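Below you'll find the structure, written out as structure tokens, and then a few comments.
All of these numbers come straight from a predicted model, not from anything done at the bench. Positions are given from 1, in the same order as the sequence printed here. Below, each value reflects all heavy atoms present in this structure, side chains not excepted, and no hydrogens, waters or symmetry copies.
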Amino acid sequence: GDMGWSFLEWSGRDDNEFTVGGGIGYQINENLRTDLRIDWAGFYDTTPSADDMSVTTALGNLYFDIPMDSVITPYIGAGAGYGWGTIDGAPDKDGFAFALMVGASFSLTDNIEIDAGYRYRQVMSSGSDPKEHQLLTGLRYKF
């Protein structure tokens with residue numbers, strides 16, 4: 001699971017808000033892992049009339065953990081799926097979504113890691129697409 005802060009770029013109606021998400025994954029080998037995640041960021045103030053927008057995505061992600069022989073492991077990742085940009089009083093902005101990630105994890109135990117990273121997330125829809133830059137931190141538990 002992760003939480004952090006998200007910075008929305010959308011047709012000049014930029015704002016920033018809290019984000020939260022979680023998922024379940026599988027470690028394929030020492031350097032490759034995957035997960036399925038649901039992430040939400042929201043209550044962006046996107047208009048002068050204070051209509052709120054939230055962005056939710058369901059993504060399948062693939063990560064490459066860069067071997068460092070250390071308790072710190074940098075990674076890069078990418079994901080694809082579907083996203084919803086829900087706007088109060090206006091048509092939703094939904095469609096194909098993707099994300100690009102970079103970060104590092106710190107091993108606390110054999111099963112628990114702290115993660116910090118950056119994610120670029122975009123929902124592609126007709127018209128202007130909601131784009132987000134997110135700073136995240138979270139915990140990863142390995143079974």
Side-chain angles (χ1 to χ4, degrees), residues 1-47 50-88 90-143:
D2 291 308
M3 67 176 140
W5 209 252
S6 184
F7 301 87
L8 174 72
E9 293 179 10
W10 183 54
S11 297
R13 294 171 273 191
D14 303 344
D15 196 18
N16 59 85
E17 260 312 326
F18 178 74
T19 184
V20 65
I24 189 163
Y26 180 73
Q27 186 83 35
I28 297 169
N29 61 37
E30 187 176 315
N31 302 106
L32 207 55
R33 59 188 164 87
T34 186
D35 66 16
L36 295 173
R37 296 184 53 89
I38 302 286
D39 292 283
W40 176 87
F43 305 127
Y44 294 116
D45 182 6
T46 58
T47 67
D51 289 344
D52 289 333
M53 177 181 196
S54 64
V55 179
T56 304
T57 54
L59 301 177
N61 301 296
L62 184 65
Y63 305 89
F64 178 74
D65 293 326
I66 301 166
M68 300 289 288
D69 294 325
S70 168
V71 294
I72 297 175
T73 304
Y75 65 85
I76 57 172
Y82 199 79
W84 303 265
T86 305
I87 307 161
D88 290 349
D92 290 350
K93 306 290 287 179
D94 61 329
F96 174 78
F98 71 93
L100 302 171
M101 292 80 68
V102 62
S105 60
F106 177 81
S107 294
L108 294 175
T109 69
D110 287 342
N111 295 26
I112 299 174
E113 295 180 349
I114 294 175
D115 186 278
Y118 164 82
R119 174 174 54 206
Y120 173 82
R121 184 170 76 154
Q122 182 173 342
V123 176
M124 301 180 79
S125 61
S126 61
S128 60
D129 300 336
K131 302 170 187 163
E132 296 166 290
H133 301 275
Q134 300 177 328
L135 300 174
L136 303 165
T137 188
L139 285 175
R140 185 177 319 134
Y141 181 79
K142 297 180 189 180
F143 294 96

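Between Q27 atom CD and D35 atom CG the span is 11.0 Å, to the nearest 0.5 Å. With rounding to the nearest 0.5 angstrom, the OG1 atom of T73 is 11.0 Å from the CZ atom of F64. We find the CE-OG1 distance between M53 and T86 to be 8.0 Å, quoted to the nearest 0.5 Å. Here the OH-CG distance, from Y141 to L108, works out to 13.0 Å after rounding to the nearest 0.5 Å. One finds the CG atom of D88 at 10.5 Å from the CG atom of D45 (value rounded to the nearest 0.5 Å).
Annotation: side chain of D94 is not in contact with side chain of S125 (no heavy-atom distance under 4.5 Å). With a 4.5 Å cut-off on side-chain heavy atoms, I28 and T34 count as touching. You'll find the side chain of D2 reaches within 4.5 Å of the side chain of R37, heavy atoms only. Side-chain contact check for L136 versus D115: every heavy-atom pair is 4.5 Å or farther apart. In this structure, E17 and L8 have side chains that are not in contact, with every pair of non-hydrogen atoms separated by 4.5 Å or more.
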Review point. Does the pair Y82 and F96 meet the rule for a side chain to side chain contact (heavy atoms under 4.5 Å, CB included), with working shown?
Key: CA-CA 5 Å; Y82 199 79; F96 174 78; 5.8 Å; no
Check your understanding: Step by step, would you call D14 with E9 a side chain to side chain contact (heavy atoms under 4.5 Å, CB included)?
Key -> CA-CA 5 Å; D14 303 344; E9 293 179 10; 4.0 Å; yes
Practice item. May I have the step-by-step check of salt bridge (Lys or Arg N to Asp or Glu O under 4.0 Å) for R140 and E113, ending in yes or no? Key: CA-CA 5 Å; R140 185 177 319 134; E113 295 180 349; 2.5 Å; yes
Exercise for review: Let me see the working for L139 and I112 under side chain to side chain contact (heavy atoms under 4.5 Å, CB included), right down to the final yes or no.
Suggested key: CA-CA 7 Å; L139 285 175; I112 299 174; 4.2 Å; yes
Review point. What do the steps show when you test R119 against D39 for salt bridge (Lys or Arg N to Asp or Glu O under 4.0 Å), and what is the final call?
Key: CA-CA 11 Å; R119 174 174 54 206; D39 292 283; 3.3 Å; yes
Exercise for review: Apply side chain to side chain contact (heavy atoms under 4.5 Å, CB included) to the pair M124 and F98, showing each step before the final yes or no.
Suggested key: CA-CA 8 Å; M124 301 180 79; F98 71 93; 4.0 Å; yes
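Proximity of a side-chain donor or acceptor of S11 to a complementary backbone N or O of R13 within less than 3.5 Å is not detected. Between the side chain of N31 and the backbone N or O of D65 there is at least one donor-acceptor pair closer than 3.5 Å.
For F43, the CZ atom counts as loosely surrounded, since its 6.0 Å shell holds 12 or fewer non-hydrogen atoms of other residues, nucleotides or ligands. Within 6.0 Å of OH on Y26 lie no more than 12 heavy atoms contributed by other residues, nucleotides or ligands. The local environment of CG in N29 is crowded, with over 12 non-hydrogen atoms from other residues, nucleotides or ligands closer than 6.0 Å.
Across all non-hydrogen atoms, the minimal contact from Y63 to Y75 is CD2-CD1, 4.0 Å. Among all heavy-atom pairs drawn from P130 and W10, the shortest one is N-CD1, 3.7 Å. Heavy atoms only, all atoms of each residue included: V123 and G95 are closest at CG1-N, 3.8 Å. When all heavy atoms of G60 and L36 are compared, the closest pair comes out as CA-CD2, 3.7 Å. Between Q122 and D129, the closest heavy-atom pair is NE2-OD2, 3.1 Å. Taking every heavy atom of both residues into account, A78 and L100 meet most closely at CB-CD2, 4.0 Å.
Counted by atom type alone, T19 and S6 present zero donor-acceptor pairs between their side chains at under 3.5 Å.
Ring-centre distance between Y120 and Y118: not below the 6.0 Å cut-off.
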